[in-house]
Amino acid sequence: MTSTVPNAVQHTDAQPPITMFGPDFPYAYDDFLAHPAGIGQIPATEHGAEVAVIGGGLSGIVAAYELMKMGLRPVVYEADRIGGRLRTVGFEGCDPALTAEMGAMRFPPSSTALQHYIDLVGLETKPFPNPLSSATPSTVVDLKGESHYARTIDDLPPVYREVMDAWNSCLEEGADFSDMNRAMRERDVPRIREIWAKLVEKLDDQTFYGFLCASDSFSSFRHREIFGQVGFGTGGWDTDFPNSILEILRVVYTEADDHHRGIVGGSQQLPLRLWEREPQKLVHWPLGTSLSSLHDGQPRGAVTRLDRTAGNRVTVTDATGDIRTYRAAVFTGQSWLLLSKIACDDALFPIDHWTAMERTHYMESSKLFVPVDRPFWLDKDATTGRDTMSMTLTDRMTRGTYLLDDGPGKPAVICLSYTWCDDSLKWLPLSPKERMDVMLKSLGEIYPGVDIRKHVIGNPVTVSWENEPYFMGAFKANLPGHYRYQRRLFTHFMQDRLPADKRGLFLAGDDISWTAGWAEGAVQTALNAVWGVMAQFGGATDPTNPGPGDVFDDIAPVELPEG
């Protein structure tokens, strides 16, 4: 598979796998979860105490599951459906096994805390067919009306290898890539912190595009243009060009863009199975207890209001008008909801945290899937011997087209288009059918002899995350100068740093993490919040398995001056 890893880094089977645990906060969440001592306990006098968990996405369900195991009683509120952006849907009138991933669909092996839960609930994964990956029979790159068919990068014109080499050189020269990648693989925390501290100070005000332009390796505009349109690993990077280069470095250092796998049967199964799971090791609750059983099968509805009330409690009002007061609450929804959909008391957070939430920058994203009768793209063209159709990267409206199947002769799925930012906004006014018609027209220009429409066996399903009322965007992506804001949000779980009247409500979710857009960030921030709630109730971790808050002072994220 094409990789963003420079050739200077030599990986061997003897080396430990990389984990998406840094570089901002290099804490080994996977080791924390795997430790036989567990992740903490609370005093018996607190068993059964209620904790509000607002949001039933992956972060909320992980937090609720772990709080339940400690003997607390999580009360989950969910406005829409369990899963959040782990959203798997079917096609009307088609086999229920035929599904589309409207949100998260590909997960890197470096998501080691996420993998803990995937294994825990018994889900399987399989390689995801990214461009030029070993799981992808073929890839077509179509730019400026010219198409190139490839099975590996060596099948593409030399300019594409030049672009990949330029990217590798750019990373090496401007971001100490080999040194950092090696330090992260070896979990050399002092070295990680040393490298990253210098880069944060140097690059916080730099865009991704500015970083490329500053490199001699990318002096060619044509190379930068191709890189933006095609990229390497998952596809084009140009929609990220205005974002902070620090966001991109977090992805490439941790190999988050490489070796992706999909969850067999759909990613939404993960939070749904955790919701139903009956842990064998839990405190206070009898065997057979699950999150589902504690909620009589359904979470509570949407939260409409949050207030600080007497005794520094958090009071939650839901859509039914029911009002409940809690000593602790975890908020896992997208932070913009606190500015719009939910009426909030200003006293919930310090003003600097409100500012950070207001400055959060979300990326738009759209997808459209259609079900087809079989993986016809594997048919060979009688003239060329090539696949009839391929995973496609293009500068046309569709941008990225993915071909997903479970074997020859079985019904299959095409993601006709997966786009971000401005490319996503172009689809927003169009109905699903209108979107499909434009997409098929674009693909018809690339594959003039292929009648895709005749293979379609059901109506398309689509999503524009910026238009989803409980999301208003796909995922966070910091702009230059946003590092300080992100640090405030990520470190919010360390509430001994906060005024006494601002404690008890904990932020979690992937947009609170340093790796937004990746499910791993949702899991990590959930575990941070669980540690915070545990401390709020007078609990502690086992000395042999310190939690993220216990080691915070040793590995706290770099702090830039505010003056």
Testing the 3.5 Å rule here: is there a donor-acceptor pair between the side chains of [X] and [Y]?
X: T234; Y: D257; value: yes
X: T315; Y: D307; value: no
X: T525; Y: S513; value: no
X: D318; Y: T320; value: yes
X: S267; Y: E101; value: yes
X: S417; Y: T398; value: no

By side-chain hydrogen bond (donor to acceptor under 3.5 Å, both in side chains), which residues pair with [X], not counting sequence neighbours?
X: R308; result: N312
X: D238; result: R399
X: Y253; result: none
X: E434; result: S431

Please assess T401 against T392 for the test side-chain hydrogen bond (donor to acceptor under 3.5 Å, both in side chains), listing each intermediate value before the final yes or no. CA-CA 5 Å; T401 297; T392 308; 5.0 Å; no
Compare every heavy atom of [Y] with every heavy atom of [X], then report the nearest pair and how far apart it is.
X: K367; Y: M102; value: CD-O, 3.7 Å
X: F537; Y: A49; value: CE2-CB, 3.7 Å
X: G547; Y: F32; value: CA-CE1, 3.6 Å
X: G521; Y: T515; value: CA-OG1, 3.6 Å
X: L132; Y: T139; value: N-OG1, 2.8 Å
X: H353; Y: L489; value: O-CD2, 4.1 Å

To the nearest 0.5 Å, what is the distance between [atom1] on [X] and [atom2] on [Y]?
X: C421; Y: F241; atom1: SG; atom2: CZ; answer: 12.0 Å
X: D322; Y: R324; atom1: CG; atom2: CZ; answer: 5.5 Å
X: M494; Y: F552; atom1: CE; atom2: CZ; answer: 5.5 Å
X: N478; Y: L246; atom1: CG; atom2: CG; answer: 8.5 Å

CD/E364: more than 12 non-hydrogen atoms of other groups inside 6.0 Å: yes
Counting neighbours of CD on E358 that are heavy atoms of other residues, nucleotides or ligands and sit closer than 6.0 Å, is the number greater than 12? yes
Salt bridge (charged side-chain N to carboxylate O under 4.0 Å, His left out) against [X], all qualifying residues, sequence neighbours excluded:
X: D345; result: none
X: E466; result: none
X: K476; result: E247
X: R273; result: none

Would T317 and R305 satisfy side-chain hydrogen bond (donor to acceptor under 3.5 Å, both in side chains), going step by step from the backbone distance to the final call? CA-CA 5 Å; T317 305; R305 186 173 186 89; 5.6 Å; no
Could you go step by step and tell me if D437 and R453 meet the salt bridge (Lys or Arg N to Asp or Glu O under 4.0 Å) rule? CA-CA 9 Å; D437 289 343; R453 194 183 293 271; 3.2 Å; yes
What residues, two or more places apart in sequence or in another chain, satisfy ring pair (Phe, Tyr, Trp, His ring centres under 6.0 Å) together with H284? H47
is_close_aromatic([X], [Y]), centroid dist under 6.0 Å:
X: Y27; Y: Y29; result: yes
X: F25; Y: F490; result: yes
X: F349; Y: H492; result: yes
X: H260; Y: W518; result: yes
X: F369; Y: F91; result: no
X: F331; Y: F506; result: no

Pairs satisfying side-chain hydrogen bond (donor to acceptor under 3.5 Å, both in side chains), at least one member in residues 403-414, at least two apart: K126-D406
With heavy-atom distances below 4.5 Å as the criterion, would you say the side chains of V533 and V330 are in contact? yes
Would R87 and D80 satisfy salt bridge (Lys or Arg N to Asp or Glu O under 4.0 Å), going step by step from the backbone distance to the final call? CA-CA 11 Å; R87 182 186 293 184; D80 189 6; 3.4 Å; yes
Sequence neighbours excluded, which residues qualify as side-chain contact (heavy atoms from CB on, under 4.5 Å) partners of S390? S138, V140, Y149, D387, Y447
For a salt bridge (Lys or Arg N to Asp or Glu O under 4.0 Å) check, start with the C-alpha distance between E46 and R327, then their side-chain angles and the critical distance, and finish with the verdict. CA-CA 11 Å; E46 305 292 354; R327 288 167 56 195; 2.8 Å; yes
Pairs of donor and acceptor atoms involving the side chains of residues 53-73, under 3.5 Å and at least two apart or interchain, shall be tabulated with distances.
from : atom 1 : to   : atom 2 : distance (Å)
S59  : OG     : G509 : N      : 3.2
S59  : OG     : A522 : O      : 3.0
Y65  : OH     : R277 : NH1    : 2.6
E66  : OE2    : Y117 : OH     : 2.7
R73  : NH2    : L294 : O      : 3.2

Chi angles and distances behind the side chain to side chain contact (heavy atoms under 4.5 Å, CB included) call for W427, T462: CA-CA 10 Å; W427 298 114; T462 192; over 6 Å; no
Show your working on side chain to side chain contact (heavy atoms under 4.5 Å, CB included) between T239 and D422 and close with a plain yes or no. CA-CA 7 Å; T239 50; D422 288 356; over 6 Å; no
Side chain to side chain contact (heavy atoms under 4.5 Å, CB included) between L338 and L306, intermediate numbers included: CA-CA 9 Å; L338 295 168; L306 290 172; 3.8 Å; yes
Go through the steps to decide whether T332 and Y77 satisfy the test side-chain hydrogen bond (donor to acceptor under 3.5 Å, both in side chains), and finish with yes or no. CA-CA 10 Å; T332 71; Y77 293 81; over 6 Å; no
Evaluate Q524 against N528 for side-chain hydrogen bond (donor to acceptor under 3.5 Å, both in side chains), listing each step before the verdict. CA-CA 6 Å; Q524 292 181 3; N528 288 349; over 6 Å; no
